[in-house]
Amino acid sequence: MASENETKSKSGSTDNGDATAARKIALITGITGQDGSYLTEFLLEKGYEVHGLIRRSSNFNTQRINHIYIDPHNAHKARMKLHYADLSDASSLRRWLDTIHPDEVYNLAAQSHVAVSFEIPDYTADVVATGALRLLEAVRSHIDATGRSHIRYYQAGSSEMFGSTPPPQSETTPFHPRSPYAASKCAAHWYTVNYREAYGLYACNGILFNHESPRRGENFVTRKITRAVGRIKIGLQSKLFLGNLQASRDWGFAGDYVEAMWMMLQQEKPDDYVVATEDSHTVEEFLEVAFGYVGLKWRDHVVIDKRYFRPTEVDNLKGDSNKARTVLGWKPKVGFEQLVKMMVDEDVELAKREKVLVDAGFMDAQQQP
């Protein structure tokens, strides 16, 4: 999947050849992530032209968007285009803003794993906090140079910013971050507020509580659980190693949450919004639903491993999303049990395909106990 390093995007024609109809143009950082893929699908359905910034790697990490990728040589159908850039490289951000001329900018890119942020705190802060500042400054300077003051900016916040503050947590709840990732997200949040107040930038913070899907990374606890359920059910694995089972989270479906991102940028005035189901569950409850759905008992397979405990734990996150529901008219469509079962269904099918490779000798079934 090649990047479009030479493309200068302008509002184009519709698929039916109507050259007079101008498309909205969106620029997404983190397009290859879970949220980026769902947001891209959503915006394409809305008729947008979507541009994504991806980091250079020797291996493509585009599997979440491969199903919607169209070769750019097929110009009439290719409304998603990819470009090489990085939140650690301010010049690349400004260059693509000047080239693409987006109407909406969604900053979803991050080193988003909480536990990993303790191991690589400098990098996490550079990408999550200073990276957001670089992008905001690129947008501001682009507007100054071009006069395109209608540009709207979305910053992806996180419920982790609340940390140890007791639930329920709303837009007025004080932040108390408990990890380098959470502290970095707090910085990105306040940079966004500052650019809105100092420069009049249309900039919104979406404080999204935990949102999951079958596209969630396999090292996040929810997907780690459902992957293990699939492999255990099919006979490829017997044990699952986890940390704190009493941590409680407000889990929703990522596909629902990206709609809230878009809704924020359609309002008359920019603001900050909590997006949540307002229903929290422990990791143990997640295990009960996931294993029980396929007729297994989680206690027969789960082993507690102290290496998965954080230096500072976050006990309970539960959102108060009244503002988003009232102002945006947003509400979640997928409930907790439906979400868990959706993920398990996908991972059981994935395990079945994996079993075919194991039986044919193309994969080692003993990679984990």
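Everything numeric in this text was worked out from a predicted model, so none of it was measured. Reckoned from all heavy atoms, side chains included, excluding hydrogens, waters and symmetry mates.
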Distance from T40 atom OG1 to Y48 atom OH, nearest 0.5 Å? 12.5 Å

Check for a donor-acceptor pair, side chain of Q169 on one end and backbone N or O of S159 on the other, with a separation under 3.5 Å. no

Heavy-atom side-chain contact between K297 and D300 under 4.5 Å: yes

Could you check whether any side-chain N or O of H211 sits under 3.5 Å from a backbone N or O of L208, counting only pairs where one atom can act as donor and the other as acceptor? no

Exactly one candidate in V50, L108, L44 meets side-chain contact (heavy atoms from CB on, under 4.5 Å) with L39; the answer is L108

Donor + acceptor pair across side chains of R215, S37 (<3.5 Å): yes

Is there a donor-acceptor pair under 3.5 Å between the side chain of T282 and the backbone N or O of E285? yes

Supply the atom-to-atom distance R310 CZ to S179 OG, rounded to the nearest 0.5 angstrom. 6.5 Å

If we ignore angles and hydrogens, is there a donor and acceptor under 3.5 Å between the side chains of H281 and D279? yes

Could you tell me whether the side chains of Y195 and E137 share a donor-acceptor contact shorter than 3.5 Å? yes

Would I100 end up clustered with I70 when hydrophobic side chains under 4.5 Å apart are linked, directly or stepwise? no

Would you say CZ of R140 has more than 12 non-hydrogen atoms from neighbouring residues, nucleotides or ligands within 6.0 angstrom? yes

Got N244 and V283 here, is their nearest side-chain heavy-atom distance under 4.5 Å? no

Using a strict cut-off of less than 4.0 Å between a Lys/Arg side-chain nitrogen and an Asp/Glu carboxylate oxygen, indicate whether D347 and R231 qualify as a salt bridge. no

Intermediate values then yes/no, side chain to side chain contact (heavy atoms under 4.5 Å, CB included), Y106 and R152: CA-CA 9 Å; Y106 295 86; R152 301 188 170 193; over 6 Å; no

Could E346 and R216 be called an ion pair, given the rule that one side-chain N must be under 4.0 Å from one carboxylate O? no

Do the side chain of R249 and the main chain of S280 share a donor and acceptor less than 3.5 angstrom apart? no

Side chains of T277 and D250: any donor to acceptor distance under 3.5 Å? yes

Can the ring centres of W262 and Y154 be said to be less than 6.0 Å apart? no

Start with the C-alpha distance between L27 and L97, add both sets of side-chain angles, then the distance that settles side chain to side chain contact (heavy atoms under 4.5 Å, CB included), and finish with yes or no. CA-CA 8 Å; L27 175 63; L97 281 163; 3.9 Å; yes

Below 4.5 Å, heavy atoms only, C-beta onward: do L245 and W298 meet side chain to side chain? yes

Minimum heavy-atom distance P102-I151, with the two atoms named: O-CG1, 3.5 Å

Donor-acceptor pair between R94 and S141 side chains, under 3.5 angstrom: yes

For the side chain of D272 and the backbone of N205, is there at least one donor-acceptor N/O pair under 3.5 Å apart? yes

Answer yes or no: is there an ion pair linking D103 with R148, defined by an N-O contact shorter than 4.0 Å? yes

Test item: side-chain donor near acceptor, T222 and E212, under 3.5 Å: yes

Of all heavy-atom pairs between A254 and D35, which one has the smallest distance, and what is that distance? CB-OD1, 3.9 Å

Which residues pass the side-chain hydrogen bond (donor to acceptor under 3.5 Å, both in side chains) test with Q111, not counting sequence neighbours? T124

Establish, from distance only, whether the side-chain atoms of Q155 and N107 form a donor-acceptor pair under 3.5 Å. yes

With a cutoff of under 4.5 Å between side-chain heavy atoms, which Ile, Leu, Val, Met, Phe, Trp and Tyr residues group with V193? M161, F162, F175, W190, I207, F209, V274, V314, L317

Is there side-chain contact between Y181 and E160, with at least one heavy-atom pair below 4.5 Å? yes

Minimum heavy-atom distance P177-A183, with the two atoms named: CB-N, 3.5 Å

With side chains defined as the heavy atoms from C-beta onward, is the minimum distance between L287 and L242 less than 4.5 Å? yes

Specify the closest pair of heavy atoms between G206 and M264, including all atoms of both residues, with the distance to one decimal. CA-CE, 3.6 Å

Is D305 reaching over with its side chain to a backbone N or O of F241, donor-acceptor style, under 3.5 angstrom? no

Between R325 and P332, the two heavy atoms sitting closest are NH2-CD, 3.6 Å

Ignoring hydrogens and geometry, is there a side-chain-to-backbone donor-acceptor pair from R134 to L87 under 3.5 Å? yes

Any side-chain heavy-atom pair from R196 and Y202 closer than 4.5 angstrom? no

Give me the atom names and distance for the closest heavy-atom approach of A110 to K185. CB-NZ, 4.1 Å

Examine distances only and state if a side-chain atom of T312 and a backbone atom of R178 form a donor-acceptor pair shorter than 3.5 Å. yes

Honestly curious: do I28 and Y84 fall in one hydrophobic cluster under the side-chain, below-4.5 Å linking rule? yes

Any salt bridge linking R227 with E354? Criterion: basic side-chain nitrogen under 4.0 Å from a carboxylate oxygen. yes

Do Q237 and H301 meet the criterion of a side-chain donor-acceptor pair at a distance under 3.5 Å? no

For side chain to side chain contact (heavy atoms under 4.5 Å, CB included), just list the numbers for E349 and K352, CA-CA rounded to whole Å, side-chain angles, deciding distance to a tenth of an Å, and then say yes or no. CA-CA 5 Å; E349 290 304 310; K352 288 178 180 177; 3.3 Å; yes

With distance as the sole criterion, is a donor-acceptor pair present between the side chains of D345 and Y293 under 3.5 Å? yes

Kindly indicate whether the side chain of F253, heavy atoms from C-beta on, has any atom under 4.5 Å from the side chain of S213. yes

Do T165 and H176 have a side chain donor and acceptor closer than 3.5 Å? no

Could you tell me whether a side-chain N or O of K46 sits under 3.5 Å from a main-chain N or O of K24, the two making a donor and an acceptor? no

N/O donor-acceptor pair under 3.5 Å between K233 side chain and V294 backbone: yes

Kindly assign one of parallel, tilted or perpendicular to the pair Y257 and W330, based on the angle between their ring planes and the thresholds 30° and 60°. perpendicular

In one Ile/Leu/Val/Met/Phe/Trp/Tyr side-chain cluster, 4.5 Å: V114, V116: no

List the steps, then state whether side chain to side chain contact (heavy atoms under 4.5 Å, CB included) holds for V344 with V348. CA-CA 6 Å; V344 170; V348 167; 3.9 Å; yes

Do we see a donor-acceptor contact under 3.5 Å between the side chains of Q266 and E104? yes

